[in-house]
Amino acid sequence: LDDLYLTGEPVVMRARLITTDPYHSSGPVEARIQAVPGQGTAQIQKLFREKQDGWALDLEGLPAGLYRIKVRTTKSDPWAPPPVHDVFEIAAG
């Protein structure tokens, strides 16, 4: 995930799962995207697509603004990796 995108540019996310148990799968992976308060009301929840080298998610059409993202596995058990949090911005182009 990059920190800054232009309006109309796809937001491209990639993820790889790292677990302590190689025989356990914690996927699928989901993203929860929410506009930062005062920056809009967008709230999106999407599943990543599984690929050979990890997981991928492309988002298009987000309006300009600042967004928080939380990426986690949909299974929550002792082997699941902890959620990852980040912030990114869509700037008017």
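Note that this is a predicted model, so its numbers are computed, not measured.
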Any side-chain heavy-atom pair from P81 and T73 closer than 4.5 angstrom? yes
Pair E30, K46 - check salt bridge (charged side-chain N to carboxylate O under 4.0 Å, His left out), show working. CA-CA 6 Å; E30 73 175 359; K46 295 259 187 182; over 6 Å; no
Ion pair D58/R14, N-O distance below 4.0 Å: yes
Using side-chain heavy atoms (C-beta onward) and a distance below 4.5 Å, is V29 in contact with L47? no
Closest non-hydrogen atom pair, R16 against G54: CG-CA, 4.1 Å
CD1 (I33) and NZ (K70) are apart, to the nearest 0.5 Å, by 13.0 Å
Value rounded to 0.5 Å, distance of CZ in R72 from NE2 in H85: 10.5 Å
What distance separates L6 CG from E89 CD, expressed to the nearest 0.5 Å? 10.0 Å
Minimal heavy-atom distance between A64 and T7, with the atoms involved, is CB-OG1, 4.0 Å
Does atom CZ (R68) have a neighbourhood of more than 12 heavy atoms from anything else shown, all under 6.0 Å? no
Tightest non-hydrogen contact, residues P28 and W55, listed as CA-CH2, 3.4 Å
For a side chain to side chain contact (heavy atoms under 4.5 Å, CB included) check, start with the C-alpha distance between Y67 and L62, then their side-chain angles and the critical distance, and finish with the verdict. CA-CA 10 Å; Y67 296 89; L62 287 175; 4.0 Å; yes
What I'd like to find out is whether the side chain of L1 reaches to under 4.5 Å of the side chain of V11, using heavy atoms alone. yes
Please report the interatomic distance CG(D3) to CG(D86), rounded to the nearest 0.5 Å. 6.5 Å
Heavy-atom nearest pair, L59 first then M13, reads CD1-CE, 3.3 Å
Give a yes or no on whether I44 and V71 share a hydrophobic cluster (residues Ile, Leu, Val, Met, Phe, Trp, Tyr; joining criterion: side-chain heavy atoms under 4.5 Å apart). yes
What distance separates I69 CD1 from R32 CZ, expressed to the nearest 0.5 Å? 12.0 Å
If the plane angle is over 60° it's perpendicular, under 30° parallel, otherwise tilted; pick one for F88 and Y5. perpendicular
